[in-house]
Amino acid sequence: MSSLSIHNTLTRRKEPFVPLVPGKAGIYVCGPTVYDYIHIGNARTFSVFDLVVRWLRASGLAVRYVRNITDVDDKIMERARSRNEPIEALTERTVAAFAEDCARLNLLVPDSEPRATRYIGPMVEFIETLEKKGLAYRGANGDVYYSVRDFPGYGKLSRRNLDELRSGERVAVEAAKRDPLDFVLWKAAKPGEPSWPSVFGAGRPGWHIECSAMSCRELGETFDIHGGGWDLQFPHHENEIAQSEGANARPFVNYWMHSAFLNMGDEKMSKSLGNVFTAREVLAKLDAVQGGEQLRFFLLRGHYRSELSYTWDLLEDAGNTLRGFYTALREVNPEEGPVDWSHPLAKRFRDAMNDDFDTPIAFAVLHELRGEVNRARSPALAGLLKALGGTIGFLQADPEAFLKGGVSVDAGKGGATVDVDALVAERAAAKKARDFARADEIRRQLDAAGIVLEDKPGGVTEWRKK
RNA sequence: GGCGCGGUAGCAAAGUGGUUAUGCAGCGGAUUGCAAAUCCGUCUACGUCGGUUCGAUUCCGGCCCGCGCCUCCA
C-alpha cells in the first residue's frame, strides 16, 4: 500500500507525508483579499487545495482546514473609497460572493475562515513578542518593521540570498527602514484609514503578520501543510516564516505547497493586459448545471505544479470529457457505497494521488474505469467510478440532470422556448407510425436548439444538452 | 544581473532506460430506420547536437526556443 508523498517547496523534492500528530493533519491556505470577485487564477489555487484536503481526508486523516480572509488592506481601502462604500460593506459583500463562487466550484467550506480584522489582538501580541526578541523595531514614522537581517535563514523557502535581493531598485524604499528588505508589521494610523489602538500606537497590521498570528491560533506554532499560489512564496511566505519562527523559536510549517499559475492563453494574467477573468464571468458563460464542475475539472485535470493555459477551447474540451464520465454513470446506475480499495484500478488511482496528487494519472485511471463500466455494464464498477471521483470532489451530481443541463432551451426562432418533452413524445408517435420524415425533422429542430436525442432500446428516447 | 521552470503526437496532459499512458478531436468498422451513446480498430510523440549505454523520449553536457519570480499579485 502506497503512502502519500508531497512536493515540499522547502526542499524542492517529494517527501513522504508524516503528520505531526498521527492520524491528523493541519493545513493553512492563504485565502482571498476581499476587495473584488476572485479571478480564475484564484479559483485554481483554491481548487487545488480543496483537492488536497479531500484527498487527505479520503486517506483517513482527520484534517483541520483553515483558509483565511484578508479584510484589511490597501486595495480594500482604495476600492471602498473609489466606490464611496463603507469598508465593511465592501468586504461583507465580497465575502458572500466568494462563498457563492466556492460553492459553484464544489469547494469544501474550511473548518475555519479567520478574518484579519478579528485577530488584531493576537497580531499585536505577536509583534510584541518579535520586538522583545529583537526582531522588530519602531521606525521614525511610527511604523513597526521586521528586521530581516536579524533572522538567520531568511530566504530559505524561496532560496534567496539577502545580499542578492536588490530591493529598492524598482520601488522607493521607505526611509524609516533599517534595511530595504525589512517589511512592515504594523502601520501607523493615517487620517481616514481604519485603525486599532495598540501598544505601538493606533494603526493597522501589515499583510504578512495576519497569517502568522492566525495560523498559530488556529493550528498551533508548528503545523503540517501551508499552501498558496506560487507567487506567494516570496515575499509573503518567506516573511511568515521569519515572523513565526522568529517569535516561536520552533519550525513553522513542515510541508510548503505552492500551486502553479493559470495563464490566459500564453500570456500572464494581468490587469495591465486586461485579461483578468473572474470566476463568475467564466461561470456565466457555461451551463448553469454543468459549469461549476466543468471549470473545476478544467482547473484540476492537469498537475497542480504545472502552469495551465486558459482558453475557451480547453474549457470546452474539459466539458466534453466530463460529460463522458456522466454518460457512463447515466447508462449504468452506480451502486452507492464506499471505495473498494482492493480493486486494481482503485489502487492505481490511490497510487497516483499519493504521488504528490498526480491528477492526470488519476483521471486516466478513471477513464479506464469508465471503459470497464461501459463494457461490463456493472453497477458495482459504476459505483467505484462515482466513489473514486467523490474522493476528489467529482461526479457526485445526478447524471441525467447533469447531462440535461440547466439553462432554458431556446429554439433560436422568435425566442420561443422549446418544449422538449412534448416534441420527444410527438416524435415517438411519428416513429411508431413510421413517419421518419417527421421524426427527423423534430430531431433537427431540437439539434438546432442544442438538444441531442438518444434513442434507446425499447422505444425510450433520452435527451441531453449538446 | 540573481534564482528557477519548461519544450511529448491536431489540441491537452502524465510517465518511463528496452514492453499501449490517458482524454478531446480525426479516420475506419460494429450497432442504429437515420442518429446519438457505446464497443472494436486506427493515424500523428517525446526541441536540437553530442556523451554514457547492448539499448535513451527517460541519465549527463552544450545549444536553440519559450516562460516565471526577484515589486502588490493565487
Side-chain angles (χ1 to χ4, degrees), chain A residues 9 12 29-33 38-49 73-75 78 155 158-161 163-173 181 207 227-236 238 258-263 266-271 276 297-299 301-303 305-309 311 313-325 327-328 330-332 348 352 355 358-368 370-371 373-377 403 430-431 434-437 439-440 443-444 447 451-457 461-464 466:
Chain A
T9 308
R12 309 284 162 108
V29 176
C30 287
T33 299
I38 59 164
H39 61 245
I40 52 177
N42 296 311
R44 182 187 192 190
T45 297
F46 299 140
S47 298
V48 163
F49 290 102
D73 157 273
D74 287 345
K75 287 195 288 289
E78 283 165 25
S158 53
R159 309 236 164 158
R160 278 157 222 265
N161 182 314
D163 296 317
E164 286 165 353
L165 285 163
R166 304 185 192 170
S167 185
E169 272 198 357
R170 290 201 269 173
V171 281
V173 174
L181 288 164
W207 174 37
W230 185 253
D231 55 322
L232 293 185
Q233 234 174 105
F234 185 90
H236 185 52
E238 201 70 69
H258 295 278
S259 61
F261 262 51
L262 179 143
N263 300 317
D266 50 10
E267 286 181 322
K268 185 189 169 178
M269 196 190 313
S270 80
K271 281 172 191 142
V276 176
F297 181 62
F298 165 74
L299 293 170
R301 65 178 176 164
H303 190 86
R305 282 190 287 112
S306 295
E307 289 191 359
L308 176 65
S309 278
T311 66
D313 283 352
L314 292 176
L315 199 55
E316 283 195 320
D317 180 277
N320 287 341
T321 303
L322 187 59
R323 281 187 281 275
F325 284 124
T327 301
R330 185 189 62 180
E331 297 306 304
V332 184
R348 284 173 53 201
D355 185 13
D358 196 336
T359 50
I361 289 185
F363 282 117
V365 172
L366 256 28
H367 281 118
E368 288 184 44
R370 179 187 65 150
V373 168
N374 286 326
R375 278 186 292 274
R377 301 194 68 81
L403 291 169
K431 275 176 60 179
R434 303 199 65 78
D435 181 1
F436 294 122
D440 290 350
R443 179 192 291 290
R444 279 193 297 276
D447 183 75
I451 300 292
V452 179
L453 297 179
E454 301 179 7
D455 290 340
K456 302 289 176 175
T461 297
E462 293 262 29
W463 65 268
R464 65 182 166 85
K466 208 186 328 188

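Just so it is clear: chains get the letters A, B, ... in the order the sequence lines come, proteins before strands, and each one is counted from 1. As the structure is a computational prediction, the values presented were derived from the model and not from experiment.
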Testing C24(B), A13(B), A74(B) for proximity to the side chain of Thr321(A), the answer is C24(B)
Do His258(A) and A74(B) have a side chain to base donor-acceptor pair shorter than 3.5 Å?
no
Rounded to the nearest 0.5 Å, the CD atom of Glu454(A) sits from the CH2 atom of Trp463(A) at a distance of 11.5 Å
Got Arg301(A) and Asp317(A) here, is their nearest side-chain heavy-atom distance under 4.5 Å?
yes
Side chain of Trp207(A): nearest nucleotide among G4(B), G15(B), C72(B)?
C72(B)
Euclidean distance for C1', C59(B) against G15(B) (whole angstrom)
15 Å
Between G18(B) and G55(B), how far is it from one C1' atom to the other, in whole Å?
6 Å
Would you confirm whether Glu238(A), through its side chain, and Gly155(A), through its main-chain N or O, come within 3.5 Å as a donor-acceptor pair?
yes
Spacing between Asn263(A) atom CG and G66(B) atom C1', to the nearest angstrom
12 Å
Rounding to a whole Å, what distance do you find between Met269(A):CE and G68(B):P?
13 Å
Heavy-atom nearest nucleotide on RNA chain B for Val365(A) versus Arg301(A): which residue maps closer to 5'?
Arg301(A)
Roughly how far apart, to the nearest Å, are C34(B) and G29(B) at atom P?
14 Å
Rounded interatomic separation in angstrom, taking CD from Glu316(A) and P from G10(B):
21 Å
Categorize Phe363(A) for me: base, sugar-phosphate, or nothing, with a 4.0 angstrom heavy-atom threshold over every strand shown.
nothing
Determine yes or no for a side-chain-to-main-chain donor-acceptor pair under 3.5 angstrom, with Arg12(A) supplying the side chain and Thr9(A) the backbone.
yes
Rounded to the nearest angstrom, tell me the gap between atom CD in Glu307(A) and atom C1' in G7(B).
13 Å
Can you check the Arg159(A) CZ to C70(B) P distance for me, whole Å?
18 Å
Can you name the closest pair of heavy atoms from His258(A) and Gly229(A) and give their distance?
ND1-O, 3.4 Å
Please state whether the rings of Phe325(A) and Phe363(A) are parallel, tilted or perpendicular, taking 30° and 60° as the class boundaries.
tilted
Under 5.5 Å centre to centre and under 30° between planes: does that hold for Phe46(A) and the six-membered base ring of A74(B)?
no
Determine the interatomic distance between C1' on C24(B) and the same-named atom on U57(B); round to the nearest Å.
23 Å
Looking at A14(B), C69(B), U22(B), which one has an atom nearest to any side-chain atom of Asp358(A)?
A14(B)
To the nearest Å, how far apart are Leu308(A) CG and G6(B) P?
16 Å
Write down the distance between CZ (Arg348(A)) and C1' (A14(B)), rounded to a whole number of angstrom.
12 Å
Contacts of Gly41(A) and Arg12(A) projected onto RNA chain B by closest heavy atom; the upstream (5') one is Arg12(A)
Could you check which of C69(B), A74(B), C24(B) has an atom nearest any side-chain atom of His39(A)?
A74(B)
For Asn42(A), which residues count as a side-chain hydrogen bond (donor to acceptor under 3.5 Å, both in side chains) partner, sequence neighbours excluded?
His39(A)
What is the nucleic acid contact for Ile38(A), judged by heavy atoms within less than 4.0 Å: base, sugar-phosphate only, or nothing?
nothing
Side-chain touch Glu462(A)/Leu403(A), heavy atoms, less than 4.5 angstrom
no
Are any side-chain N or O atoms of Arg44(A) and backbone N or O atoms of Ala260(A), one a donor and one an acceptor, separated by less than 3.5 Å?
yes
When rounded to the nearest Å, what value does the distance between C1' atoms of U22(B) and C64(B) take?
30 Å
When you check the phosphate oxygens OP1 and OP2 of A14(B), does a side-chain N or O of Ser306(A) lie under 4.0 Å from one of them?
yes
Using the P atom as the point on both nucleotides, what is the distance between A14(B) and G47(B), in whole Å?
15 Å
Can you tell me the distance, in whole Å, between the CG atom of Asp313(A) and the P atom of C11(B)?
12 Å
State, with a plain yes or no, whether a side-chain heavy atom of Phe298(A) is found less than 4.5 Å away from one of Leu314(A).
yes
When you look for runs of 3 or more Watson-Crick or G-U pairs in a row, both distances below 3.5 Å, which of them include RNA chain B?
B:1-7 with B:64-70, B:10-12 with B:22-24, B:26-30 with B:38-42, B:47-51 with B:59-63
When you measure from the side chain of Ser309(A) to the backbone N and O of Asn263(A), does any donor-acceptor pair fall under 3.5 Å?
no
Looking only at atom P, what distance separates U8(B) and U71(B), rounded to whole Å?
31 Å
How would you summarise protein contacts on nucleotides 33-40 of chain B per nucleotide, using B for base, S for sugar-phosphate only and - for none, with heavy-atom distances below 4.0 Å?
BBBBSSSS
P atom, A13(B) versus G41(B): distance in rounded Å?
27 Å
Can you tell which of U22(B), C73(B), C72(B) lies closest to the side chain of Asp231(A)?
C73(B)
What nucleic acid atoms does Gly228(A) come within less than 4.0 Å of, heavy atoms only: base, sugar-phosphate, or nothing?
sugar-phosphate
Below 4.5 Å, heavy atoms only, C-beta onward: do Lys456(A) and Glu331(A) meet side chain to side chain?
yes
